[in-house]
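Every chain is numbered from 1, with letters handed out A, B, ... down the list of sequences. Predicted model, so just to flag it, every value in this text is computed and none were measured.
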Amino acid sequence: MSKNRILIIDDEKDLCFFLKANLEARGNYVVKVASSGEDGLYLAERFKPHLIILDIMMPVMDGFKVLEELKKNPKTMAIPALMLSAKHDDESKIEASGLYCEGYVTKPVQIDDLRNRIRKILKLRKLK
Amino acid sequence: MGTLDTMTEVPLNVLMMESSERDALVILQELKRSGYVSHCERVDTIDSLTAAIPKKHWDVIICRYTMPRFCGLAAIRVVRDVGLDIPVVIVSDADGEETAGAAIKAGAADFISIREVGRLGAAVQRELREVRERRDRRRAEAALRRTEVELDEMQKGLVQSEKLAALGRFSSGIAHELKNPLGIVLGGIEFLEVKTKRGDPDVRTAVSKIKEAALRAAQIVDDILKFAKPSDLKLDLVDPNELVKDALSLFQYGIKSREIEIRADFAKESMRVKVDRNRIEQVLFNLFANAVESLEGQGSVHVGVMKRPRSTAFPHGACVIEVTDTGVGISPENLRRLFEPFFTTKRDQQGTGLGLFIAKNIVSHHNGDLKIESQAGKGTKAQVILQLAE
Ligand SMILES: Nc1ncnc2c1ncn2[C@@H]1O[C@H](COP(=O)(O)OP(=O)(O)OP(=O)(O)O)[C@@H](O)[C@H]1O
Ligand SMILES: [Mg+2]
C-alpha cells in the first residue's frame with residue numbers, strides 16, 4: 001500500500017522539522033514542508049497531498065488566505081485541510097469567512113492528538 | 001416633681017429646671033398660649049436633670065438662670081456633655097445684658113427675662129425649627145459621606161480592574177508567544193522518544209522528565225489563555241447555596257484522604273445570581289484549595305453564604321460567599337501582591353500563582369468582587385461578592 005502524502009504549511013521551520021519527523025516515524029506518511037503560503041500553494045498542486053496541515057498565523061499570506069486560494073483552484077479544492085490555530089477565536093473567524101476546513105488543532109501541537117485527527121480524516125476520505 | 005399636662009395643639013416635651021412652682025406655671029401658661037401641649041417634667045437639681053435627660057426625647061429644656069442650688073449655665077454644660085442636640089432656653093428674673101451675653105456664649109438657645117415671657121413661644125418655635133434643620137443637615141451629610149466612601153471604593157475597584165485587564169492582555173500576549181517555542185520543544189521531545197526507544201535508560205528517563213515539564217508549561221499557557229480574559233461566559237440563574245454545595249462536594253471528594261473538614265453555613269434567604277456556573281465553581285475551588293493548603297495539617301476551614309443589602313456598587317443587593325481559614329495567614333507585603341499572576345509562596349509544592357489571579361478575573365467579569373483579608377499567623381478570609389439578579 002502506498003503511503004499517504006501530507007503537506008505542512010507553517011513558517012516555523014523548527015516546528016515543521018519535528019512535525020515531519022514525528023509523523024513519518026510514527027505513521028505511514030510521506031511529509032513535505034512549505035514555510036510560506038506561496039510555497040504551500042505551489043506544492044499543493046505538484047505534490048498532490050492527501051491532506052494539508054495549515055498554520056493560520058503566517059506573515060505575508062496567512063492561513064485564511066491560503067485556504068481561500070486552495071478552494072479556488074480546481075486542482076486543490078478537494079484536498080482536506082487541517083488548521084493549526086493559536087488563538088481561541090481563530091475558529092469563529094474561519095466559520096465567519098464561510099471557508100471550509102476539516103477542523104482545527106490548537107497549538108502547542110500534541111502529536112498524538114494530531115495523528116488521531118489525521119487518521120480520522122483520511123479514513124473518511126477513503127470511505128467516500 | 002410632678003408632671004403637668006395641658007391641652008392644646010402641638011405636643012411639646014419640656015424639661016424644666018425651675019424651683020418656683022408659680023414661675024413654672026407662668027411658663028407653661030405662656031407655652032399653651034402659643035399653641036403647645038406641654039408634657040413637662042420639672043427638676044431642680046443637677047442630678048435630677050442628668051437623670052431626666054435620657055428618659056425621653058425632649059424638645060426643649062427651659063432653665064432658670066439662678067436657683068438656690070444651681071446655675072442655669074451648668075444645665076447647658078450637662079446637655080452638651082451627653083452630646084444631645086436639645087435647645088436650652090434660659091429664663092431669668094433680671095434682664096441684664098451681661099448675663100444674657102454670658103448665657104448665649106455658653107451655648108444657650110435664648111435668654112428671656114420673666115417679664116418678657118411673651119417671647120417664649122416664638123423662641124421655642126424658632127429653636128425647634130433649627131433643631132430640625134440641623135438634624136436634616138446631619139443626615140444629609142452622613143448620607144453624603146457614605147456615598148463618598150462607596151464611590152471611592154468603586155473607583156479603586158475600577159483602577160484595580162483596569163490594571164487586571166492590562167495584566168490579562170499582557171500575560172495572554174506572553175502565552176501566545178510561548179506557544180510556538182513550546183510546540184517545538186514538545187515536537188523535539190516526541191522525536192527524541194522515538195530515537196531513544198531502544199537507547200540508554202538514563203536518557204529515556206531524562207526525556208520523560210523534560211516531557212512532563214513541557215506538558216505542565218503547556219497547561220499553564222492554556223490556563224492563562226482561557227482565563228486571563230474569559231470573554232464568553234455562559235450565564236445561568238443559580239442559587240448561590242447550590243453553587244457552594246456543588247463546589248464543596250467536588251472539592252471534598254478530592255481531599256477526602258487528607259481528612260480536612262470544611263464546615264458550611266448557607267443563607268436562609270433564597271437568592272439568585274446570574275453566573276457562569278463552571279467558572280464560579282472554579283473560583284471557589286481555588287479559594288478552598290488555598291484555605292486547605294494554608295492549614296499545613298491543622299486548623300479548620302469555614303464557608304459561609306450570606307445576603308447583603310443594596311448599595312451603590314450592588315443596586316440589587318449582593319451575595320457574599322466567604323471562605324475563612326485558621327491557617328498561616330498572609331503578611332502585609334504579600335497581601336498586596338496576591339492577585340498578581342505567578343505570585344506564589346508555594347514554588348516547592350508546584351504552586352503556579354495563577355489561582356487568585358484567575359479567580360479575580362473571573363469574578364470581575366461577573367461584575368463582582370473578590371476581597372481577601374488576612375492576619376499573619378491567625379488566618380485568612382476570602383470573600384466573593386456577586387450581584388444578585390434583578
Ligand atoms: N488562604 C490563604 N492563606 C494563606 N496564604 C494564602 C491564602 N490564599 C492565598 N495565599 C497566598 O497567596 C499566594 C497566591 O495564591 P494563588 O492561589 O494565586 O497561587 P498558589 O496557591 O500559590 O498556586 P496555584 O496556582 O496552585 O493556586 C499563595 O502562594 C499564598 O502565599
Ligand atoms: Mg492557589
Side-chain angles (χ1 to χ4, degrees), chain A residues 6 8-36 53-59 62-63 82-96 104-119, chain B residues 165 168-199 203-204 207-208 210-234 276 278-279 282 358 361-362 365:
Chain A
I6 295 176
I8 302 174
I9 310 177
D10 192 331
D11 61 313
E12 189 72 60
K13 289 195 181 110
D14 292 341
L15 180 71
C16 293
F17 171 81
F18 286 125
L19 277 184
K20 174 179 157 70
N22 291 332
L23 286 175
E24 287 181 339
R26 296 207 184 174
N28 194 28
Y29 308 119
V30 181
V31 181
K32 267 197 197 301
V33 171
S35 46
S36 74
I53 297 170
L54 175 57
D55 185 29
I56 292 177
M57 251 214 296
M58 288 188 293
D62 68 12
L82 191 55
M83 311 295 284
L84 291 185
S85 115
K87 286 193 180 146
H88 284 278
D89 54 358
D90 277 344
E91 299 174 21
S92 47
K93 266 195 214 149
I94 290 206
E95 266 146 35
Y104 315 85
V105 172
T106 47
K107 287 184 162 189
V109 178
Q110 315 254 345
I111 198 79
D112 289 331
D113 181 30
L114 180 63
R115 228 176 8 236
N116 284 336
R117 303 288 292 275
I118 293 174
R119 209 178 297 134
Chain B
R169 284 192 294 276
F170 179 66
S171 41
S172 64
I174 292 179
H176 272 301
E177 292 304 319
L178 285 176
K179 276 185 163 186
N180 275 330
L182 253 181
I184 296 168
V185 171
L186 284 169
I189 292 164
E190 292 282 336
F191 180 79
L192 289 176
E193 270 183 341
V194 175
K195 295 284 175 190
T196 59
K197 214 175 221 154
R198 276 173 292 275
V203 174
R204 293 214 317 270
V207 170
S208 92
I210 297 171
K211 183 177 189 174
E212 243 172 64
L215 286 175
R216 207 163 104 72
Q219 184 59 51
I220 293 173
V221 164
D222 214 50
D223 280 353
I224 295 176
L225 288 173
K226 250 197 245 131
F227 300 109
K229 40 175 187 177
S231 46
D232 48 344
L233 296 176
K234 286 190 204 66
D276 188 323
N278 291 331
R279 295 269 161 90
Q282 191 200 358
I358 288 168
N361 267 288
I362 292 173
H365 273 82

Once you round to the nearest 0.5 Å, how far does CD of B:Glu190 lie from CZ of A:Arg26? 4.5 Å
Output for pair (A:Lys107 NZ, B:Asn180 CG), nearest 0.5 Å, gives 4.0 Å
Pair B:Lys179 + A:Glu12, salt bridge at N-O below 4.0 Å: no
NZ on A:Lys20 to CZ on B:Phe191, rounded to 0.5 Å: 11.0 Å
Might you point out which heavy atoms bring A:Asn22 and B:Gly187 nearest each other, and give the distance in Å? ND2-O, 2.9 Å
Taking all non-hydrogen atoms of both residues into account, name the closest pair between B:Ile184 and A:Phe18 and its distance. O-CD1, 3.6 Å
Per-residue contact mode, B:Leu215 against chain A (heavy atom under 4.5 angstrom): side chain
Of the non-hydrogen atoms in B:Ala218 and A:Pro108, which two are nearest, and what is the gap between them? CB-CG, 4.0 Å
